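All values derive from a computational prediction rather than experimental measurement. Letters A, B, ... mirror the listed sequences (proteins, then strands); counts begin at 1.
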Amino acid sequence: MAEQSITSKPQSLKSSYWKAISAIVWKDLVAELRSRESISAMLVFSLLVILIFNFALELDIGTRRTVTAGVLWSTFAFAGTLGLNRSMAVEKERDCLDGLLLSPVDRSAIYFGKAISNLTFMLIMEVIVLPIYSVLYNINLFNPGLLLVILLGSIGYTAVGTLLASMAVQTRTRDLMLPILLFPVVLPILIAAVKASSGFLSGANINDIFPWLRLLIAYDVIFIALAFMVFDYVVEE
Amino acid sequence: MIEVKKLVKRFGLKTVLRGIDFEVQPGEFVALLGPNGSGKTTFLRILASLSKPSLGVVNIAGYSLPKQSAAVRGLIGVVSHMSLLYNDLTAEENLRFYARMYGLQNAGLRITEVLEMIGLDLRRRDLVRTYSRGMQQRLTLGRAILHDPDVLLFDEPYTGLDQEASVMLDGILQTVAKNGQTVVMSSHNLSRTEGLATRFDILSQGKIAASSTRDELGKSNLLKFYNQALAG
């Protein structure tokens, strides 16, 4: 209060930008550690998907290698939508999104905070799924090139997903809306990720894989820049 | 402190606010009264920079909305229908999170001060999901005053509160008023606002239908003034 206040006026917006991003990431991680809602839902779902593929396809060892990239990215993409939906639903539950929007920071800081949280949850899910997949399908997935593709693909996926989840959460049919909006937009990232992953798994020449990696990096940069520019309009009433 | 001229807000074909002129001096406590659907929440959301005006001018502390909304957001505290609090964080963690979002220095001291003020110091490490509605509303108030804002916007702060929590809210609002902070509060509760506000504006069908200071009202009943404004 005016009489009782200790020096508590906001600092300049520039100095608050990184603090705001780290505050959102910290808040999401603490809340997730307590509730374990997002990661456990994503994990259970992704394990079910790879189990279903394992039994449904009944593949020989040669074919397994060729379908691995597709199965992995289908699993990550479907499980990822659960995490994205939950991440924004938490913000909508008690109008917490309004609380974020009322903060005196550039609204892109909110986007980056949420995107980093979503990426962290997705990477945790992937780190757990990969060894289980390796055991189930008897394929070594600990290939540095593949891990790089997974990182780049996940960055692109969460960059687009966070933006579209912010849009979808404001609609009445938000759970249905996100996959409908997300998958057509994220398709180029998924195609590039599957092609690059497949290349690394089959031991293809790096010159054949490089165009797909470049495409992934380009999409990541484009979608992050686009989200930075339009997030303010997306969350507007 | 707040200057609004010819404010119009449309949602598609529906016009919710129809040319509002509204001015609040520093330290004034304005009660915004009106029936459901009169546009109170929409008006407060525009002042809070959560919604953009379709037409008109909105200035807060010399900053223009929506152009300078980040600067305005640092000067205002908002209490709405919802708590804007995270269930899976404790009271202290919720305030620490908002302190970081507002870039507060000495956040620990300020958080303790605010928790003592709202009477939740002993429950500071409890998850918000374990709080009663009244306790959550007190914490919501704590969140709104954490950064010591110049302007406070309250949208129906008494909604869902029991008698005890309402009395506590009265006390906090009286402290806010004494400290000279500018307050705009929408409410249905005429009896509670009567003792707090220095001015009463009646909003009807998207327009300010009548306005009166407490001194002008004198001994006449606020309810009578309210009914006359809506009838007229």
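Here Glu93(A) contributes atom CD and Leu85(B) contributes atom CG; the two are 12.5 Å apart, rounded to the nearest 0.5 Å. Taken to the nearest 0.5 Å, the SG atom of Cys96(A) stands 7.5 Å off from the CG atom of Asn94(B). A distance of 10.0 Å separates CZ in Arg129(B) from CZ in Arg34(A), rounded to the nearest 0.5 Å. Here the straight-line distance linking atom CG of Asp88(B) with atom CZ of Arg36(A) works out to 11.0 Å at 0.5 Å rounding. Rounding to the nearest 0.5 Å gives a distance of 4.5 Å between CG of Asp98(A) and CG of Leu50(B). Atom OG of Ser69(B) and atom CG of Asp232(A) lie 7.0 Å apart (nearest 0.5 Å).
Within a 6.0 Å radius of NZ in Lys92(A), more than 12 heavy atoms belonging to other residues, nucleotides or ligands are found. Other residues, nucleotides and ligands place no more than 12 heavy atoms under 6.0 Å from the OH atom of Tyr63(B). The environment of CD in Glu156(B) is crowded: more than 12 heavy-atom neighbours from other residues, nucleotides or ligands sit within 6.0 Å.
Within the 4.5 angstrom heavy-atom criterion, no atom of Gln68(B) approaches chain A. For a residue to count as touching a neighbouring chain, one of its non-hydrogen atoms must lie under 4.5 Å from one of that chain's; by this rule Ile24(A) touches chain B with backbone and side chain alike.
Between Phe97(B) and Leu100(A) the shortest heavy-atom distance is CZ-CD2, 3.4 Å. Of all non-hydrogen atoms in Leu104(B) and Lys19(A), the two that sit nearest each other are O-NZ, 4.3 Å. Closest of all the heavy-atom pairs between Arg73(B) and Leu102(A) is CB-O, 3.2 Å. Of all non-hydrogen atoms in Ser16(A) and Gly103(B), the two that sit nearest each other are OG-CA, 3.7 Å. Residue Met101(B) comes nearest to Ala23(A) through the heavy atom pair SD-CB, 4.0 Å, listed as atom of the first residue, atom of the second, then distance. The heavy-atom pair separating Pro104(A) from Ala70(B) by the smallest distance is CB-O, 3.5 Å.
In the model, Arg100(B) has a side-chain atom that pairs as donor or acceptor with a side-chain atom of Ser22(A) under 3.5 Å.
Residue with the most contacts toward chain A among Ile76(B), Asn87(B), Val72(B): Asn87(B) (heavy-atom pairs, distance under 4.5 Å).
Within the 3.5 Å criterion, the main-chain N or O of Tyr86(B) finds no donor-acceptor partner in the side chain of Arg94(A).
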